[in-house]
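As the structure is a computational prediction, the values presented were derived from the model and not from experiment. When a residue number appears, it is its place in the shown sequence, counting from 1. When reading the values below, keep in mind they use all heavy atoms of this one structure, side chains included, and skip hydrogens, waters and symmetry mates.
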Amino acid sequence: MRGMTATVRLWLSPGRIRGEGTTPDYRFSLANERTFLAWLRTALALIGGGFAVVQFLPELHRSFRTALAALLLASGALCALRAVHHWVRVERAMRRGEDLPLSRFPAVLTAGVVLIAAGTLVAVATGWASR
């Protein structure tokens with residue numbers, strides 16, 4: 001738990017990373033930042049999808065629509081948190097000269113999005129309405 005607390009502190013005070021190892025080539029740090037921003041765009045898209053479900057699919061059964069929106073919103077929030085966590089881990093690894101950290105998160109996120117899309121497709125195709 002102590003390691004996670006230190007990592008969360010780095011989210012809010014990234015200047016502390018400079019105390020670790022040596023400064024990597026700036027191109028790698030900037031590539032890490034671009035990856036972080038791509039994950040944030042993904043998070044925003046998931047959050048936007050959650051709002052869109054509520055606004056544009058009123059014919060879906062209310063409980064399904066609410067669950068779907070909640071799943072998308074939670075996935076977006078999780079993706080944003082994971083983005084900053086991964087950014088810190090990669091930056092630390094580069095400064096320490098370590099291998100870049102591996103992550104299962106892309107596979108988990110992909111599986112989640114596929115399940116959400118499949119469920120929504122079935123609900124829309126079958127006309128599962130609240131009437």
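Side-chain contact check for Trp39 versus Val84: every heavy-atom pair is 4.5 Å or farther apart. Contact of the Leu46 side chain with the Val113 side chain is registered, since non-hydrogen atoms from C-beta on lie closer than 4.5 Å. The side-chain heavy atoms of Met94 and Leu100, taken from C-beta on, include a pair separated by under 4.5 Å.
Under the 4.5 Å side-chain contact rule for hydrophobic residues, Trp87 and Leu37 share a cluster. Neither Leu109 nor Leu73 shares a network with the other; the hydrophobic side chains, linked directly or stepwise wherever heavy atoms of I, L, V, M, F, W or Y lie under 4.5 Å apart, form separate groups for each. In the hydrophobic cluster analysis, where Ile, Leu, Val, Met, Phe, Trp and Tyr join through side-chain heavy atoms closer than 4.5 angstrom, Leu72 is grouped together with Leu57. With hydrophobic clusters built from ILVMFWY side chains whose heavy atoms lie under 4.5 angstrom apart, Ile116 shares a cluster with Val53.
A distance of 7.5 Å separates SG of Cys79 from CG of Leu40, quoted to the nearest 0.5 Å. A distance of 9.0 Å separates CG of Leu102 from NE2 of His86, quoted to the nearest 0.5 Å. In this structure, CG on Leu115 lies 10.5 Å from OG on Ser75, to the nearest 0.5 angstrom. The distance from the OG1 atom of Thr66 to the CG atom of Leu71 is 11.0 Å, given to the nearest 0.5 Å. Taken from OG1 in Thr126 to CG in Leu60, the straight-line distance is 8.5 Å, to the nearest 0.5 Å. Between Glu20 atom CD and Arg95 atom CZ the span is 8.0 Å, to the nearest 0.5 Å.
Nearest heavy-atom pair, Asn32 versus Glu91, reported as atom, atom and distance to 0.1 Å: ND2-OE1, 3.3 Å. What you find for Ala93 and Asp99 is that their closest heavy atoms are CB-O, 3.6 Å. For Pro24 against Ser29, the heavy-atom pair with the smallest separation is CG-OG, 3.5 Å.
The number of heavy-atom neighbours closer than 6.0 Å to CG of Asp25, taken from other residues, nucleotides and ligands shown, is above 12. More than 12 heavy atoms of other residues, nucleotides or ligands lie within 6.0 Å of CG in Leu30, so this atom counts as buried by the packing criterion.
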Report task. Show your reasoning for whether side chain to side chain contact (heavy atoms under 4.5 Å, CB included) applies to Phe105 and Leu78. Result -> CA-CA 10 Å; Phe105 188 72; Leu78 180 63; 3.9 Å; yes
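Ser103 and Arg82 form a side-chain donor-acceptor contact under 3.5 Å, judged by distance and modelled atom types alone.
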